[in-house]
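Here's the structure, in structure tokens; my notes come after.
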Amino acid sequence: MKAGELPAHVTNAFIAIEDRRFRYHVGIDPIGTVRALAVNMTSGGLVQGGSTITQQLAKNLFLKPERTMKRKVQEALLALWLESKYSKDEILTLYLNRVYFGGGVFGIEAASEHFFNKPAPKLTLAEAAILAGSVKAPSRYNPAADPDAAFGRSHVVLQAMADSGMIDEAQRKQATATRVKIEHGEATPGSGYFIDYALSQLAGFVGETQERLIVDTTLDLDLQTDAERSMIDGLGKDGPKLDASQGSLVSMTLDGGVRAMVGGRSYAQSPYNRATKALRQPGSSFKAYIFLTALEHGHKPTDEFNDGPVAIGNWHPGNFEGEVEGTVTMARALAISSNSVAVQLTREVGPAAVARTAHRLGITSTLHAVPALALGTSEVTPLEMATGYSTFANGGEGVLPYSILRVRTASGKILYQRKGSGVGRVMSAENAATMTHMFEGVVTSGTGTAARLADRGSAGKTGTSQDYRDAWFIGFTADYVCAVWIGNDDNTPMNKATGGGLPARIWKGYMDAAEKDLPARPLITDSPAEMAAAEISAQAPTPAGVPAPPGKKDNILDVFQNVLDSIF
């Protein structure tokens, strides 16, 4: 869709709110930047942006979404380069065909069809103002997710158009009074979290194209609905008395395919994805990596330890509720979540060894190799924990979490096709089986009994951080891995919320629904002895992450020059 094919009020809406001097500057606009700063200061909020449309296009085409001075300089230089190569209408065409409108929708034509069920050239002034207003914060002003916020933002756009002389006062009033009908919405209320996550991975697999893309993902809408219902019901019922206001859930297949993702209790109210971005202390759920490291250093589940007071210098860590059991086996220590035994094992094998194990299994966040690592004090995300536990569930194969199966153009050209990937074996099959059996003990007779499923095997681990700031349950069946976290965004303590309480119940509620039509299968299909015979591949790479885009050229301007030239 070329800019010249659109009514003037459509292109003017974007220019008025995003870059009022677009037709006159050379790619960067010091006057516009100063004006935007003054408007934002007097209004008490972010009303106008400082970047020109050309700068925004340069950022989308060439640069990563970083907030650094270096990136801003690069953005300005690339904007000047674009202005020297292309006309204003060509730049506006590129911008309108690439801009993100929320809900997984890119480009003005796709947005018009998705939200208003009409082609972009038929957009009314009121509809154009809604779309133009949404690009500054697509999650917040998505008209399908929050129509009231979108309509309110459109009034700001209409006022900007009137102030710029693009429309008269009568047109502004008429458009402001028009209540536009939104035709399309998201399939489920919270699927926006998954969509945002999938889109963040998309750029790593697909090069530049101006065709409309069709992306096949791993999302299961039924499981997504189940996940949302379990989270909302759990927080609604028990959240107030526990002083727990937020939660997140990630569910994936044993090879890392994300089936459901809940990044908070309401995407419309808060699009911040706590499942992928919120770094929180995992508490005792981190013991998985400690006990695996101990097994790899020669310990056995039957080895006995003293579940009692322990001291490292002036540090005297105790068990969560202060209770001790005396002599316990290693398996029992994991079931009751003994901090004492975890500290002893960490001291024996070394915190650095534990950190290396966690990174090997898929934890990508920074881990501080100090004695307190035994208590899960280094912060991680729910997605990382689900990734790590998937290696236990699948018998020791490391995974890369993924959300995209295939990407194709509207004309049928396949740009990306998933063929399976992973990082290979990251632990022995025997140790994977042993850890799984110990995780079963957590559910059958330990801190996670509230997560036990009636009709099939389940395994997992609870986690509660200091002062009840975080509560977790991460567990798995033969079909799915699921990580649940609850807490507060401001990190305030909850009212004695533990991982074995609400998180375990949310996990069970989701798993009961997810597994209801699936046959019951054992967690371990081979005996530990048989699994021990499996050959372990070469040392696995560290840590898991999204593969870099293939074929990166030295001269990025040459690459995008070819792309841009192919459009016009």
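Because the structure is a prediction, the values reported are computed rather than measured. All residue numbers in this chain count up from 1 along the given sequence.
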Indicate whether any N or O donor in one side chain lies under 3.5 Å from an N or O acceptor in the other, for [X] and [Y].
{"X": "Asn488", "Y": "Ser245", "answer": "yes"}
{"X": "Tyr267", "Y": "Asp196", "answer": "yes"}
{"X": "Thr447", "Y": "Ser337", "answer": "no"}

Hey, does the side chain of [X] reach the backbone of [Y] with a donor-acceptor pair shorter than 3.5 angstrom?
{"X": "Trp472", "Y": "Lys461", "answer": "no"}
{"X": "Thr253", "Y": "Gly257", "answer": "yes"}
{"X": "Thr464", "Y": "Gly499", "answer": "yes"}
{"X": "Thr436", "Y": "Ala432", "answer": "yes"}
{"X": "Trp507", "Y": "Val484", "answer": "no"}
{"X": "Arg406", "Y": "Asp216", "answer": "no"}
{"X": "Asn394", "Y": "Gly396", "answer": "yes"}
{"X": "Glu384", "Y": "Ser365", "answer": "yes"}
{"X": "Ser230", "Y": "Ala227", "answer": "no"}
{"X": "Ser445", "Y": "Gly441", "answer": "yes"}

Rounded to the nearest 0.5 Å, what separation is found between the [atom1] atom of [X] and the [atom2] atom of [Y]?
{"X": "Phe194", "Y": "Thr217", "atom1": "CZ", "atom2": "OG1", "value": "4.0 Å"}
{"X": "Tyr402", "Y": "Arg418", "atom1": "OH", "atom2": "CZ", "value": "4.5 Å"}
{"X": "Ser251", "Y": "Arg259", "atom1": "OG", "atom2": "CZ", "value": "8.5 Å"}
{"X": "Leu235", "Y": "Leu502", "atom1": "CG", "atom2": "CG", "value": "6.0 Å"}
{"X": "Leu131", "Y": "Phe14", "atom1": "CG", "atom2": "CZ", "value": "5.5 Å"}
{"X": "Ile232", "Y": "Ser266", "atom1": "CD1", "atom2": "OG", "value": "7.5 Å"}

Taking all non-hydrogen atoms of both residues, which atom of [X] and which atom of [Y] are closest, and how far apart?
{"X": "Lys287", "Y": "Ser338", "result": "CE-O, 3.3 Å"}
{"X": "Ser134", "Y": "Tyr141", "result": "CB-O, 3.6 Å"}
{"X": "Leu373", "Y": "Ser378", "result": "CD1-OG, 3.6 Å"}
{"X": "Arg179", "Y": "Asp148", "result": "NH2-OD1, 2.9 Å"}
{"X": "Ala275", "Y": "Val250", "result": "CB-CG2, 3.5 Å"}
{"X": "Tyr100", "Y": "Pro138", "result": "O-CG, 3.6 Å"}

Pairwise side-chain contact, [X] with [Y], heavy-atom cut-off 4.5 Å (strictly under):
{"X": "Thr387", "Y": "Val399", "result": "yes"}
{"X": "Asn117", "Y": "Lys181", "result": "no"}
{"X": "Glu379", "Y": "Gln281", "result": "yes"}
{"X": "Val407", "Y": "Leu202", "result": "yes"}
{"X": "Val481", "Y": "Leu254", "result": "yes"}
{"X": "Val343", "Y": "Pro371", "result": "no"}
{"X": "Leu242", "Y": "Tyr468", "result": "no"}
{"X": "Val156", "Y": "Arg153", "result": "yes"}

Tell me, with the steps shown, if Thr381 and Thr276 meet side-chain contact (heavy atoms from CB on, under 4.5 Å). CA-CA 6 Å; Thr381 68; Thr276 62; 5.9 Å; no
Please list, chain by chain and in numerical order, all residues satisfying ring pair (Phe, Tyr, Trp, His ring centres under 6.0 Å) with Phe392, sequence neighbours excluded.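 Scan of Phe392 (ring pair (Phe, Tyr, Trp, His ring centres under 6.0 Å), adjacent residues dropped) gives Tyr389, Phe439.
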Quick one: do Leu383 and Lys277 satisfy side-chain contact (heavy atoms from CB on, under 4.5 Å)? Show the steps, please. CA-CA 9 Å; Leu383 180 62; Lys277 297 179 180 179; over 6 Å; no
Candidate pair Lys508 and Asp512, rule salt bridge (Lys or Arg N to Asp or Glu O under 4.0 Å), full reasoning: CA-CA 6 Å; Lys508 183 180 187 305; Asp512 278 339; 2.8 Å; yes
Only one of Gln56, Glu75, Glu18 clears side-chain hydrogen bond (donor to acceptor under 3.5 Å, both in side chains) with Ser51; which?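 That would be Glu75.
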Who are the side chain to side chain contact (heavy atoms under 4.5 Å, CB included) partners of Gln246, not counting sequence neighbours?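 For Gln246 the side chain to side chain contact (heavy atoms under 4.5 Å, CB included) partners, ignoring immediate neighbours, are Arg265, Arg274, Trp485, Asp489.
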Verify salt bridge (Lys or Arg N to Asp or Glu O under 4.0 Å) between Arg505 and Asp238, making sure each step is shown before the conclusion. CA-CA 10 Å; Arg505 293 192 294 274; Asp238 297 326; 3.1 Å; yes
Determine, step by step, whether Glu515 and Tyr480 satisfy the side-chain contact (heavy atoms from CB on, under 4.5 Å) criterion, reporting the C-alpha distance in whole Å, the side-chain angles of both residues, the deciding distance to 0.1 Å, and the verdict. CA-CA 9 Å; Glu515 298 277 358; Tyr480 301 112; 3.7 Å; yes
Report the C-alpha distance between Ser191 and Gln224 in whole Å, list the side-chain angles of each, state the deciding distance to 0.1 Å, and finish with yes or no for side chain to side chain donor-acceptor pair (under 3.5 Å). CA-CA 7 Å; Ser191 59; Gln224 180 69 27; over 6 Å; no
Using the test side chain to side chain donor-acceptor pair (under 3.5 Å), find all partners of Ser390 that sit at least two apart in sequence or belong to another chain.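 Ser390 satisfies side chain to side chain donor-acceptor pair (under 3.5 Å) with no other residue.
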Look at atom CZ of Arg456 and say whether more than 12 heavy atoms of other residues, nucleotides or ligands are closer to it than 6.0 Å.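 Atom CZ in Arg456 is crowded, with more than 12 foreign heavy atoms closer than 6.0 Å.
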Are Asp226 and Arg229 close enough, and set up right, to give a side-chain contact (heavy atoms from CB on, under 4.5 Å), and what steps lead you there? CA-CA 5 Å; Asp226 293 336; Arg229 182 183 300 114; 3.3 Å; yes
